[in-house]
Amino acid sequence: MSIDAQKDTILEFKSSTFSVPVLVLVSNDMIAIEQQLKEKIHLAPEFFKNSPLVLDVQELNKNELDINVTKLIGTIRALGLLPIGIRKGSTEQNLQALKLGVPVHTSHHVTVVAPEQKQQPPQPAPAPVISESAVPAPTTMITHPVRSGQRIYAVGDLVILAQVSAGAEIMAEGNIHVYGSLRGRALAGVQGNTEARIFCSDLQAELISIAGNYKISEDLNGTVLHQPVQIYLQNHTLVIKDI
Amino acid sequence: MARIIVVTSGKGGVGKTTTSAAIAMGLAKKGHKTAVIDFDVGLRNLDLIMGCERRVVYDFVNVINGEATLNQALIRDKNCNLLYILPASQTRDKDALSQEGVGKILDELKKDFKYIVCDSPAGIEKGAHLAMYFADDAFIVTNPEVSSVRDSDRMLGILSSKSRRAEQNEEPIREYLLLSRYAPDRVKLGEMLSVDDVQEILSLHLLGVIPESKSVLNASNSGMPVILDEKSDAGQAYADIVARYLGEERPHRFIDEKKGLFGMFFGGK
C-alpha cells in the first residue's frame, strides 16, 4: 500500500500567484480598527465575506506602535475575514501569528517558520509574493456577444471582443475591456482593487462600478454616452474620460 | 442530415406560431419532408393556424407517454403531402414534457424528415427550454419594439449557454433574426425601431423582415399558413426567408415604404 503510494504520485506542489487584499494598519487602536473594519464590511458585505486577508504592520512598527497580533487576528476573524498572512511584523508579532496558524510573509518571499507545526506543508520556492500588485491573474477572453441575463466573472482581467447587451452583467477582479457596445452592467475590481479600470469603445452601460464605487446610466451625461471611454477611480470618485 | 429548427422569441404574441407554420410549409413546398411540432402544451395553437384542428386524435404528450406511436400522432397537411404536424396537448401542461421524451421523439423524426420545426411557447421556462434544447438552427422572431428585442436577446443568451450544443461543446446553434410586424411608415415616424436599430442591439444575421399585414390575420382565421397566400406581402416575405435559409441570395424587401409598382420590385435597399 505504502509502496504503491510512493510509486504513483497522488499529489504535487505547484506555485501560483494570487491577488489578495492587504490590510495596512496605521494605528494600533483596536477599538478604532474594529469600528472602521465594520464600516468597510458594511459597504460591501459580499466582497468581504470569508475574504482572505494579509496584515501589513510595517507602518506600525516604523512608528514604534506595538500591536497585540493575537487580539488583532481574533477581531478580524470575528468579523468574518480570514487572515492568511502577516507582513513586516516583528519577531514577537510573527510568533504570535504563527501560533494562530497565520503564516509569515517576508518582503521577498514567503517562509513559513513553523518547525513545531508539522502539518504545515513546505512552501515551494520561489514562493509567491502576496500583494495587491502581484503578477496579474490570467485574462479571460470572450469573443461572442454577452446576452441579456448572462453573467461573466473573471478572476483577472476581462476582455470582451463583442457587445455586452442590456441586462447582462460582467464582473472582473481586474480591468474590463469591451471592444463593442457596453449596454449592460460592468463591475471592475470587484474584490476591492481600486486601481482597476473599465475600457469600452461605446459606453451605454446600465451601471459601471470600480471597487464598489458605482454610477448608474442616469448619472452618465450626454458627453460620454456612445463614446469610447475609460473609467477609473480618483479619490473614491469614478472618472469617465474619452480615449 | 436532418436539421432541427426552433422558432423562438422569449416574448409572446410576436408571431412564432405564424412563422413556424409558414416556414414549415415553405420548406415542404420546396420539396423537403418537414415536421412541425407544437411545444406550447396547454395552449395549443399551431393546429388552428395549420387548419388541422379537427383532425387531432393523438398529441405530443401521448407520444411521450407511449400512449400512441409517432405515426399515429403526426397529421399530414392537406395542402402539402411532405408536411406533417405534431400537435400539442390542450389538456396538459408543460410538466408533461421531459427532456428524455422530447429527445427520443426528435431522434425518431430525424430518421424520416429533413427539417423539424419546433414552435416554442413564449417565456423561458420548461416548454421554451425543451423546444430549443435540441436545436441546430434558431429563428429568433422579434417585433421592432424594445421589450421584444430585449427578450430576444435573453433568449439568445439561453441558446448559447443552455442548449445541447452548448452543453456538449459542439458547434453553436446557428441564429437567424426574423423581424416581424414591421411597419416602415411607423418606423419613419419614430414609433417603431428600425431594422438597423434592432440589428445593432442584437448583432444577428437578418434572415428577413415580415411586414405588418392583414393577410396574416386572414390566413390564421382560415387555417392556411400565410406563405400560401402568394399575393400577400407577408406571404412573399416568408417565401424569401425560406429561400434565404436554403442558401438562395435574395435582396431584402419590405424594409422601406412602398414606392408604387417599381418600388415594390426594386425597393428594399
Side-chain angles (χ1 to χ4, degrees), chain A residues 138-155 158-172 176-187 190 198-209 216-218 220 222-229, chain B residues 6 8-11 14 120 122-126 128-129 132-133 135 137-163 165-177 193-194 196-206:
Chain A
T139 298
T140 306
M141 184 92 77
I142 307 283
T143 53
H144 54 80
V146 185
R147 301 291 185 183
S148 186
Q150 290 187 313
R151 300 178 86 188
I152 289 177
Y153 189 99
V155 178
L158 177 60
V159 178
I160 296 177
L161 299 171
Q163 63 169 1
V164 177
S165 294
E169 196 166 64
I170 52 171
M171 290 173 282
I176 290 177
H177 304 252
V178 181
Y179 300 101
S181 297
L182 170 57
R183 300 195 181 91
R185 297 160 163 248
L187 298 91
V190 288
I198 298 170
F199 305 86
C200 68
S201 49
D202 174 18
L203 178 69
Q204 304 176 38
E206 290 173 338
L207 179 140
I208 45 171
S209 162
I216 52 172
S217 67
E218 255 188 17
L220 305 175
T223 60
V224 293
L225 275 176
H226 298 281
Q227 297 301 314
V229 295
Chain B
V6 61
T8 188
S9 67
K11 198 172 183 300
V14 296
S120 171
I124 53 172
E125 278 72 45
K126 194 170 181 186
H129 182 264
M132 69 86 199
Y133 184 78
D137 300 311
F139 285 14
I140 310 293
V141 184
T142 304
N143 287 168
E145 48 102 11
V146 284
S147 57
S148 174
V149 172
R150 175 171 293 187
D151 289 358
S152 293
D153 194 51
R154 177 86 171 102
M155 195 34 104
L156 286 163
I158 293 171
L159 289 172
S160 63
S161 57
K162 296 200 173 137
S163 61
R165 281 177 174 267
E167 282 180 7
Q168 299 185 357
N169 253 330
E170 290 175 26
E171 186 198 330
I173 294 177
R174 285 188 215 151
E175 301 156 341
Y176 302 94
L177 174 64
L193 295 174
S194 71
D196 292 341
D197 291 339
V198 177
Q199 270 204 285
E200 200 205 314
I201 298 172
L202 293 178
S203 55
L204 206 59
H205 176 73
L206 179 71

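These values consider heavy atoms only, across backbone and side chains, with no hydrogens, waters or symmetry-generated copies. The sequence lines fix the lettering, A, B, ..., with proteins before strands; numbering per chain opens at 1. Here the structure is a predicted model, which is why all the values come from computation and not from measurement.
Contact annotation for B:Leu204: only side-chain heavy atoms (C-beta onward) come within less than 4.5 Å of a heavy atom of chain A.
More than 12 heavy-atom neighbours from other residues, nucleotides or ligands sit within 6.0 angstrom of CD on B:Glu167.
Taking both residues in full, the closest heavy atoms of B:Arg154 and A:Gly149 are given as NH1-CA, 3.6 Å, listed atom of the first, atom of the second, then distance.
For the atom pair NE2 (A:His144) and OG (B:Ser161), the distance works out to 9.0 Å, reported to the nearest 0.5 Å. Here the OG-CG distance, from A:Ser165 to B:Leu202, works out to 7.0 Å after rounding to the nearest 0.5 Å. For the atom pair CZ (A:Arg183) and CZ (B:Arg150), the distance works out to 11.0 Å, reported to the nearest 0.5 Å.
Between the side chain of A:Arg147 and the main chain of B:Ser152, no donor-acceptor pair closer than 3.5 Å is present.
You'll find the side chain of A:Gln150 reaches within 4.5 Å of the side chain of B:Ser160, heavy atoms only.
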